[in-house]
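I have placed the structure first, in the form of C-alpha cells, so that the comments after it can refer back to it.
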Amino acid sequence: MKTYWDRLHKLYTKEDWINRPTLFAQWVIKYFPPSGHILDIGGGQGQDAIYFSGKGYQYTLTDISKTGLDYARKKIPNNMKNRIKLVKHDVANPLPFNKEIFDIVYSHLSLHYFDKKTTKKIFSQIYKVLKPHGFIAIMLNSTKDPEYGQGKKLEQDFYQIGEITKRYFSPKSIKEFVQPYHTIMLDNRGETYKDRRIGVHNLIRFVGKK
Ligand SMILES: C[S@@+](CC[C@H](N)C(=O)[O-])C[C@H]1O[C@@H](n2cnc3c(N)ncnc32)[C@H](O)[C@@H]1O
C-alpha cells in the first residue's frame, strides 16, 4: 500500500524545485566542517544528498518512504553512488547506527511530524550518533507559518491535519529540544523555493555543536 509520503513524493516529482538543492542546504554549508560524514534524516528524493556529496561529503540519507528513496536512487549520479548510502527507516524508531559516527546530522523539514515525547526521543538519538563536537543543522515548521493552528490540536503546537500530524516550533520552543548543543545559529528566517512563492520566509533554522 502506498503511504501518504509515497503519494506525496510522486506529486513532488512534477515540481521544478525537487531537483534543486534546497535554499537551506546552500545557506547552511558555510557552518559545516569542510569534510566528514553527514546523516540526513528524511532526505526524500536526495537533492541535498547530491549537493553535499558534490562538495565532497560522505552521506547517509534515511527516509520512511520507499517511493522517495527509489526516486533518490535513480537521481544519484553513478560517480556519487559509493558516497551516498540510502536507508529506509522510520525516525520514530531508534536510529540504526552506532554511536558517535556522524560529523553532521542534517534534516530539512522532516523532524516536525511527531508528538513531544517522540520528538524528544529523536533528538536524543541524534545526540547519540553525533561525534563529539559534531554539528546538527535542521529546518522546521514555524508557529509563524500561515497554516499554524489549522487542523485538530493534539498538544501545544502539535496538530492533526488531514492524514498527518505536524508540530510547529518557535525560536523559544526549540530550545527545550536542542538544549545540550552550543547554539551557533538560531532564527526564524528560513525559506524554501515552494514557500517563497507565497511570501513565507519564517521557517525555524538551527545550527548547533555538540
Ligand atoms: C517535507 S518532506 C522533506 C524531504 C526533503 N528533506 C526535502 O527537503 O525535499 C518530509 C520528508 O520526511 C519523510 N518522513 C516523514 N515521516 C518520516 C518518518 N517517520 N521517518 C523518516 N522519514 C519521514 C518523508 O518521506 C519526506 O521525505
Side-chain angles (χ1 to χ4, degrees), residues 1-29 38-53 57 59-76 84-97 102 104-126 129 136-142 145 147-148 154 158-169 190-198 200 203-206:
M1 194 193 78
K2 292 274 183 211
T3 65
Y4 171 87
W5 284 110
D6 291 333
R7 282 184 275 121
L8 212 62
H9 274 295
K10 206 164 173 202
L11 293 176
Y12 284 168
T13 57
K14 299 189 175 77
E15 303 288 345
D16 57 350
W17 45 260
I18 194 67
N19 294 317
R20 293 157 78 182
T22 64
L23 291 167
F24 182 60
Q26 295 173 70
W27 169 84
V28 82
I29 194 168
I38 300 178
L39 169 66
D40 182 345
I41 298 174
Q45 298 187 27
Q47 68 274 40
D48 288 344
I50 293 168
Y51 173 71
F52 286 120
S53 174
Y57 294 93
Y59 214 84
T60 297
L61 182 161
T62 69
D63 203 284
I64 198 171
S65 166
K66 181 179 179 307
T67 305
L69 292 169
D70 286 345
Y71 285 126
R73 198 167 290 112
K74 282 188 198 133
K75 292 179 191 185
I76 293 167
I84 304 177
K85 189 176 170 196
L86 304 177
V87 180
K88 186 169 182 303
H89 177 254
D90 178 351
V91 72
N93 296 321
L95 288 169
F97 306 110
F102 295 103
I104 300 157
V105 174
Y106 172 85
S107 186
H108 182 258
L109 299 177
S110 303
L111 296 181
H112 48 215
Y113 298 111
F114 309 97
D115 63 23
K116 189 168 179 178
K117 196 173 158 200
T118 308
T119 308
K120 286 210 147 185
K121 273 195 207 156
I122 293 169
F123 275 89
S124 72
Q125 286 284 311
I126 291 172
V129 299
I136 177 172
I138 54 180
M139 192 154 97
L140 299 161
N141 286 334
S142 163
D145 287 353
E147 68 169 24
Y148 174 72
L154 303 174
F158 183 59
Y159 291 83
Q160 182 79 44
I161 303 180
E163 282 174 71
I164 57 162
T165 50
K166 281 195 189 178
R167 171 170 292 282
Y168 300 85
F169 293 83
E191 291 185 290
T192 63
Y193 288 119
K194 187 170 153 233
D195 287 346
R196 201 186 234 184
R197 288 178 195 153
I198 53 168
V200 176
L203 293 155
I204 300 295
R205 303 186 288 192
F206 177 76

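If you're wondering where the values come from, they're calculated on a predicted model, not measured in any experiment. Atoms within a ligand are numbered from 1 in the order they appear, just like the ligands themselves.
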Closest protein heavy atom to [atom], given as residue, atom name and distance to 0.1 Å:
| atom | answer |
| --- | --- |
| atom 3 (C) of ligand 1 | His108 O, 3.5 Å |
| atom 27 (O) of ligand 1 | Asp63 OD2, 2.6 Å |
| atom 14 (N) of ligand 1 | Ile64 CG2, 3.6 Å |
| atom 20 (N) of ligand 1 | Val91 N, 2.9 Å |

Give the atom numbers and elements of ligand 1 that come within less than 4.0 Å of a heavy atom of [X].
| X | result |
| --- | --- |
| His89 | 20 (N), 21 (C) |
| Asp90 | 18 (C), 19 (N), 20 (N) |
| Gly44 | 27 (O) |
| Ser110 | 3 (C), 6 (N), 10 (C), 11 (C), 12 (O) |
| Ser65 | 25 (O) |

Handout entry: Nitrogen or oxygen of Leu109 less than 3.5 angstrom from that of ligand 1
Key =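 No, no N or O pair falls under 3.5 Å.
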Handout entry: Spatial distance of atom CZ (Arg7) from atom OG1 (Thr67) [nearest 0.5 Å]
Key =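 Result: 10.5 Å between the selected atoms.
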Problem - From Ile76 atom CD1 to Gln47 atom CD, the distance as rounded to the nearest 0.5 Å - result: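 The distance works out to 11.0 Å.
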Handout entry: Short side-chain to backbone donor-acceptor contact, Asp48 and Thr22, under 3.5 Å
Key =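 Indeed, once roles are kept as given, a pair shorter than 3.5 Å links the two residues.
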Exercise for the section: Taking the six-membered ring for Trp and the single ring otherwise, decide whether the centroids of Phe52 and Tyr106 are under 6.0 Å apart. Expected result: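 Close enough - the centres of the two rings lie under 6.0 Å apart.
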Problem - Proximity to ligand 1 by part of Gln45, non-hydrogen separation under 4.0 Å - result: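 Neither; nothing of Gln45 gets under 4.0 Å from ligand 1.
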Exercise for the section: Using the salt bridge (Lys or Arg N to Asp or Glu O under 4.0 Å) rule, take Lys66 and Asp70 through it: C-alpha gap first, then chi angles, then the decisive distance, then the call. Expected result: CA-CA 6 Å; Lys66 181 179 179 307; Asp70 286 345; 2.7 Å; yes
Problem - ligand 1 contacted by Phe24 (non-hydrogen, < 4.0 Å) - result: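 Judged by the 4.0 Å heavy-atom criterion, Phe24 does not count as contacting ligand 1.
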Handout entry: With Thr165 via side-chain contact (heavy atoms from CB on, under 4.5 Å) - residues at least two apart
Key =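 Expected list: Leu154, Phe158, Gln160.
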Problem - Pairing residues for Ser53 by the side-chain contact (heavy atoms from CB on, under 4.5 Å) criterion, not counting sequence neighbours - result: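 Per chain and number, Ser53 pairs via side-chain contact (heavy atoms from CB on, under 4.5 Å) with Met80, Arg83, Ile84.
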Practice task
Just go through Gly42, Ala72, Gly68 and tell me whose heavy atom is the nearest to atom 5 (C) of ligand 1.
Solution key: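 Closest candidate by heavy-atom distance is Gly42.
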Exercise for the section: Out of Trp5, Trp17, Tyr12, indicate the one that has the non-hydrogen atom closest to atom 16 (N) of ligand 1. Expected result: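 The residue whose heavy atom sits nearest atom 16 (N) of ligand 1 is Trp5.
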Handout entry: Smallest separation among heavy atoms of Asn141 and Lys166, with atom names
Key =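 Distance-wise, the nearest heavy atoms are ND2-CD, 3.8 Å.
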